[in-house]
Enquirer: 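I am attaching a structure below and will ask some questions about it afterwards.
Positions are given from 1, in the same order as the sequence printed here.
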Amino acid sequence: MQWERLFDPQGRTGPERLRAQYLRVNADPSDRYVLSVPGSQKHRIAPDASGFENLVLAGDWTRTGYDLGCIEAAVMSGLMAARALGAPVSIIGEVPRRHIEPRITLPRYVDRPGEMSLRSPYVMEDVWMTALVLQAQQASLGALLDKYLNAPARGHVRYVPAAPFVVLAAAFSGRSFSGDPEHRRLGYMPETDVAFWVPAWAMRSGKGGLIPERLVWFLPHVFVSTGAAAAAGREIYGFPKSVVGVQMSRSGQALDHLSVEGEVLAQHTPETCGTRARILEVTRREGGTGAPSSIAELLGGITRPLDASGAWASSLANKFAVSEVTIAFLKQFRDVQHTERACYQAIIEAKATVRTLRGQGPIPGTFHVSWGDYASHPFAADLGLQPGGQQALAAIWADFDFVMESGREIFRAS
């Protein structure tokens, strides 16, 4: 049993984490029983459709296709729950559930040649990425999430920083194209993405207050190499992408140097003229202290002042070591008449799923990241980083293919 998969706000370890779980067995004759009265079938919940991540249901009260109070339905439900957890099981007598697509009332999008805002999902192949971990101030990250996610969400969802660090990721994709059958015919492009990633918990109400429900990543600053990547990212998901020039050199799988240049505003005044300048730079030198041997070791060093037991670091490491990540966005468009308002504004979440992982590992040496002190790119203030730049805590590389899946609205302002 992987006890760290169980959430425990007190950070207990091993079987003690069961004390934070809700356990109940309806074994008494007086316990209420779920009847199969006419018209009730539509209200049953399938074992794999609880609506919550990592929550699987089981019992003859669930929707199995048999939908009666009996041992057969209970067994079928248990097998469905096992399948939802990854077990390769077949279920005798299972009736496939009919998936009813919701009626779409949105107007059809009018495609224009050369616009390049293609349909999702997006497939990224031959991706080589370097990720640098940077120490950050938790309070600054909290203020960032409040401004760009929590305030627009108006209490419908709340995000809090998951750890006092951010990740600067530079990804170079050889082939980027639409996974939609019709738009796949249009071709592909290479793409470079450089972005700051902020880990956050999406919270939900629980006994005694808010508790973490799922881990997400928020990207407040994203830089890309092509206008097509910027247009699709902004229009479809809400990525705050801007087009820049990127220069990179590497030795094998190790990044040696990265430079990002683009338009900046040094100050926000009526007389400030925008110029092109270096936005950030990454340099590597050989030597330095040994890299952490695992994600848990890295997170343990960062979070130890906040949680000496190490339970928090173990829980975070388990969440990070997955083949998919969820990204949270603020998607909005400025209104054409009331320009201080948004004609559309929503909190969006979408998953990025790894299809093929060809390799990954730590990068030796010491990395230093520097950035300019520009009003248009306030990295230090937004992310709680050191003014001018700082040394990375760790660096890893990865070679993979992934898919940026279609997203869903968590909340839309009306």
Enquirer: If you count heavy atoms of other groups shown closer than 6.0 angstrom to CZ of Arg204, is the number above 12?
Expert: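 Yes - once you tally the heavy atoms of other residues, nucleotides and ligands closer than 6.0 Å, there are more than 12.
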Enquirer: Using the rule side chain to side chain contact (heavy atoms under 4.5 Å, CB included), only one of Val216, Leu219, Val166 pairs with Val198; which is it?
Expert: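 In the set Val216, Leu219, Val166, the residue that makes a side chain to side chain contact (heavy atoms under 4.5 Å, CB included) with Val198 is Val166.
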Enquirer: Using side chain to side chain donor-acceptor pair (under 3.5 Å) as the criterion, list what pairs up with Arg108, not counting sequence neighbours.
Expert: none
Enquirer: Name all residues meeting the ring-ring contact (aromatic ring centres under 6.0 Å, His included) criterion together with Tyr122; count only those two or more places apart in sequence or in a different chain, and write none if there are none.
Expert: none
Enquirer: Got a sec, which residues hit salt bridge (charged side-chain N to carboxylate O under 4.0 Å, His left out) with Lys331, two or more places apart in sequence or on another chain?
Expert: none
Enquirer: Is Lys42 paired with Asp67 through a side-chain N to carboxylate O contact shorter than 4.0 Å?
Expert: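 Here Asp67 does not pair with Lys42 in a salt bridge, since their nearest N and O are not under 4.0 Å apart.
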Enquirer: Hey, what's the ring geometry for Trp371 with Phe379, parallel, tilted or perpendicular (30° and 60° as the breaks)?
Expert: perpendicular
Enquirer: Would you find more than 12 non-hydrogen atoms of other residues, nucleotides or ligands less than 6.0 Å from Glu271 atom CD?
Expert: no
Enquirer: Give every residue pair that meets the salt bridge (charged side-chain N to carboxylate O under 4.0 Å, His left out) criterion with at least one member in residues 363-388, sequence neighbours excluded.
Expert: none
Enquirer: Are Phe218 and Tyr159 close enough that their ring centres sit under 6.0 Å apart?
Expert: no
Enquirer: Do any pairs count as a salt bridge (charged side-chain N to carboxylate O under 4.0 Å, His left out) and have a residue in residues 244-257, sequence neighbours left out, and if so which ones?
Expert: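 Those involving residues 244-257 are Asp256-Arg284.
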Enquirer: According to the salt bridge (charged side-chain N to carboxylate O under 4.0 Å, His left out) rule, which pairs have a member within residues 166-181, sequence neighbours left out?
Expert: Arg119-Asp180, Glu125-Arg175
Enquirer: Under a 4.0 Å threshold between the charged nitrogen and the carboxylate oxygen, would Glu324 count as salt-bridged to Lys351?
Expert: yes
Enquirer: Could you name each residue pair satisfying salt bridge (charged side-chain N to carboxylate O under 4.0 Å, His left out) that touches residues 159-168, not counting sequence neighbours?
Expert: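 Matches after skipping sequence neighbours: none remain.
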Enquirer: Who are the side-chain contact (heavy atoms from CB on, under 4.5 Å) partners of Tyr109, not counting sequence neighbours?
Expert: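 So Tyr109 forms a side-chain contact (heavy atoms from CB on, under 4.5 Å) with Asp111, Glu115, Ser117, Glu235.
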Enquirer: Under the side chain to side chain donor-acceptor pair (under 3.5 Å) test, which residues partner Ser40, sequence neighbours left out?
Expert: none
Enquirer: Could you check whether Arg358 makes a cation-pi contact with Phe400, meaning its NZ or CZ is under 6.0 Å from the centre of the six-membered ring and within 45° of the ring axis?
Expert: no
Enquirer: Show me the donor-acceptor pairs within less than 3.5 Å that the side chains of residues 258-267 make with the rest of the protein, sequence neighbours left out.
Expert:
residue: Ser259; atom: OG; partner: Arg278; partner atom: NE; Å: 3.2
residue: Glu263; atom: OE2; partner: Arg276; partner atom: NH1; Å: 3.1

Enquirer: Output all residues satisfying ring-ring contact (aromatic ring centres under 6.0 Å, His included) with Tyr237, sequence neighbours left out; order by chain, then residue number.
Expert: Phe239, Phe329
Enquirer: Partners of Glu409 by salt bridge (charged side-chain N to carboxylate O under 4.0 Å, His left out), sequence neighbours excluded?
Expert: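 Checked Glu409 against salt bridge (charged side-chain N to carboxylate O under 4.0 Å, His left out); matches are Arg412.
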